[in-house]
Amino acid sequence: MSDPNEPLGPGFAPEPPGREPEPGYEPGQPHQPQAERYEEPEVLAPRRAGARRATRRRGRGVSGCLAVLIALVVVLGGLYYGGNKGYHYLKDHLGSSAADYAGPGEGSVTFEVNKGDSATQIGRNLKAAGVVESVDAFVAAAQDDPQAAGRIQVGFYQLKKHMKAADALAVLINPKSLIQDAVVVPEGARVAQIVDTIVQRSDITRSAVLAALKNPTALGLPPEAKGNPEGYLFPATYEVVPGETATELLKQMVAKAAQVDKELDLTDRAADVGLTPEQVVTVASILEYEAKRTEDYPKVARAIYNRLKAGMPLQSDATVSYANKVSGQVWTTQAMRSNSSPYNTYQHTGLPPGPIGNPGEATLKAALNPADGPWLYWVVVNLKTGETVFSTTLAEHNKAVAQFQEYCKTSDAC
């Protein structure tokens with residue numbers, strides 16, 4: 001986006017910076033009623049024979065009550081034993097009522113255990129991350145192994161979405177699962193930013209990373225990259241194991257990009273939008289900067305394709321920033337837009353010669369599946385919410401730009 005007092009291009013978005021269970025049922029001890037105390041009947045004015053008869057009747061009464069008591073104890077004991085066994089049988093064979101995925105899971109989730117997290121809090125965080133289906137299922141799994149929670153260490157773990165709660169717990173209590181060094185590559189990150197992150201988050205030196213980047217063959221870059229890793233280091237979280245080299249780490253990123261491209265059938269489907277596979281990656285990299293909400297990616301992609309079809313320059317401020325090697329700026333200046341770099345889409349029509357960052361899966365999908373619409377212009381009018389206005393005429397676009405400029409007069413996001 002240009003200076004607020006200067007003409008503006010069709011699209012703008014700021015540079016991006018560098019997710020109580022109910023208590024489980026615990027059966028109580030069964031109630032065993034106390035046997036009533038037997039009291040002998042008082043015998044009055046006994047005649048001796050009568051006394052003997054009374055004594056015999058009394059003896060038969062005691063024996064009968066004892067038999068009843070014994071039978072009652074046997075019955076109650078049987079009920080307790082059978083009920084207790086039945087409860088555990090149902091628990092073992094029918095399981096808890098808490099919702100739980102069947103597993104084994106899919107995809108990849110980097111999960112963090114924070115200092116002071118209880119089993120319940122970990123369960124909440126796992127559910128928010130889409131790893132387990134319910135907090136109760138994870139807490140129940142932890143309760144089955146009372147020492148489990150104490151064996152979970154603070155740090156990062158590689159999990160999957162939709163895991164069975166017990167399987168997720170098994171990963172967390174295994175010390176070998178702890179990621180000692182995690183390099184997080186966010187969507188849209190540029191090679192220079194990735195280099196900084198690797199140096200900051202691992203023991204790999206900057207010189208080692210730069211040297212590895214100069215050997216594209218060793219990294220496994222595809223031919224269409226033409227030796228340039230920009231756009232082919234896939235955004236994800238990468239575990240850096242002890243002794244891992246810069247080349248080995250970067251190869252993981254390239255391999256992940258190739259895997260996602262294959263899953264999206266990018267090579268064959270690029271032709272459906274009239275582009276080469278590399279051009280699709282380039283469009284996706286522009287979307288990372290020109291839109292702020294996932295739902296807007298397909299619409300910006302369509303506006304880009306409409307401008308290309310009409311022979312209009314893209315006039316993307318994101319490409320201007322890349323051409324001038326700057327990031328984190330909201331505005332571009334006339335001097336920046338005058339840069340003769342082939343990446344400057346104010347000065348050159350068509351797409352830039354390559355990606356301007358490393359796109360994630362959402363923007364790649366949008367580049368392959370643009371929305372239907374006549375738009376030629378777009379502008380983000382609220383940097384905090386990402387609200388974007390799409391227009392078909394320059395007059396409509398200028399009105400949206402004025403709305404954005406008015407917003408910037410009072411917003412600290414500009």
Side-chain angles (χ1 to χ4, degrees), residues 13-18 110 181-240 244-261 266 276-291 316-329 332 336 339 341-345 348 351-364 367:
E15 300 274 344
T110 300
D181 291 313
V183 171
V184 180
V185 178
E187 287 84 354
R190 292 167 176 164
V191 170
Q193 295 169 321
I194 295 174
V195 171
D196 289 341
T197 300
I198 293 174
V199 173
Q200 294 167 3
R201 299 288 300 182
S202 74
D203 293 330
I204 301 174
T205 65
R206 182 176 300 275
S207 60
V209 179
L210 295 177
L213 290 171
K214 293 179 181 178
N215 190 349
T217 302
L219 299 181
L221 286 174
E224 59 265 26
K226 303 179 182 68
N228 182 5
E230 195 77 271
Y232 299 94
L233 305 179
F234 195 80
T237 298
Y238 298 91
E239 177 184 354
V240 185
E244 185 168 12
T245 67
T247 297
E248 291 170 339
L249 176 57
L250 292 169
K251 281 182 67 175
Q252 288 187 56
M253 300 180 187
V254 174
K256 179 65 175 177
Q259 174 191 332
V260 173
D261 290 352
L266 187 146
T276 66
E278 184 196 25
Q279 288 175 324
V280 170
V281 176
T282 299
V283 171
S285 71
I286 295 174
L287 296 180
E288 292 286 355
Y289 290 85
E290 289 289 353
S316 163
D317 290 284
T319 66
V320 173
S321 294
Y322 188 80
N324 287 274
K325 299 181 180 179
V326 298
S327 62
Q329 289 189 199
T332 61
M336 293 170 65
N339 190 319
S341 167
Y343 283 89
N344 183 354
T345 56
H348 306 278
L351 291 170
I356 63 170
N358 292 275
E361 188 170 351
T363 51
L364 287 168

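All residue numbers refer to positions in the sequence shown, counting from 1.
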Is there side-chain contact between [X] and [Y], with at least one heavy-atom pair below 4.5 Å?
| X | Y | value |
| --- | --- | --- |
| K256 | Y238 | yes |
| N339 | V320 | no |
| L364 | V260 | yes |

All side chain to side chain contact (heavy atoms under 4.5 Å, CB included) counterparts of [X], not counting sequence neighbours:
| X | result |
| --- | --- |
| E244 | V240, V241, E248, L249, Q252 |
| P353 | P342, Y343 |
| A192 | none |
| V209 | V195, I198, I204, L213, A246, L250 |

> Would a distance-only check, ignoring hydrogens and angles, find a side-chain to backbone donor-acceptor pair under 3.5 Å from S285 to I356?
Replying inline: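 Yes; judged by distance alone, with no hydrogens or angles, the pair exists.
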
> Do N324 side-chain atoms and V326 backbone N/O form a donor-acceptor pair below 3.5 Å?
Replying inline: no

Looking at every non-hydrogen atom in both residues, tell me the closest pair between [X] and [Y] and how far apart they are.
| X | Y | answer |
| --- | --- | --- |
| N358 | G231 | OD1-N, 2.8 Å |
| I194 | A189 | CG1-CB, 4.1 Å |
| P359 | G357 | CD-O, 3.3 Å |
| V281 | L266 | CG2-CD1, 4.3 Å |
| R190 | S327 | NH1-CB, 4.0 Å |
| T237 | A182 | CG2-CB, 4.0 Å |

> Under the salt bridge (Lys or Arg N to Asp or Glu O under 4.0 Å) rule, what pairs show up with a residue in residues 202-226, not counting sequence neighbours?
Replying inline: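 Those involving residues 202-226 are D196-R206, K226-E278.
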
>> Please identify which of these residues, E290, E288, E187, meets the side chain to side chain donor-acceptor pair (under 3.5 Å) condition with T363.
In response: E288

> Do S202 and D181 have a side chain donor and acceptor closer than 3.5 Å?
Replying inline: no

>> Looking only at the side chains, is there a donor atom on one of S207 and T205 sitting less than 3.5 Å from an acceptor on the other?
In response: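 Checked: S207/T205 side chains pair up, N/O donor to acceptor below 3.5 Å.
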
Find the distance between [atom1] ([X]) and [atom2] ([Y]) and round it off to the nearest 0.5 Å.
| X | Y | atom1 | atom2 | result |
| --- | --- | --- | --- | --- |
| Y232 | D261 | OH | CG | 8.0 Å |
| H348 | S341 | NE2 | OG | 6.5 Å |
| L233 | L221 | CG | CG | 7.0 Å |

> Where do I286 and T319 land on the side-chain contact (heavy atoms from CB on, under 4.5 Å) test, with the steps shown first?
Replying inline: CA-CA 7 Å; I286 295 174; T319 66; 4.1 Å; yes

> Who are the side-chain hydrogen bond (donor to acceptor under 3.5 Å, both in side chains) partners of N344, not counting sequence neighbours?
Replying inline: none

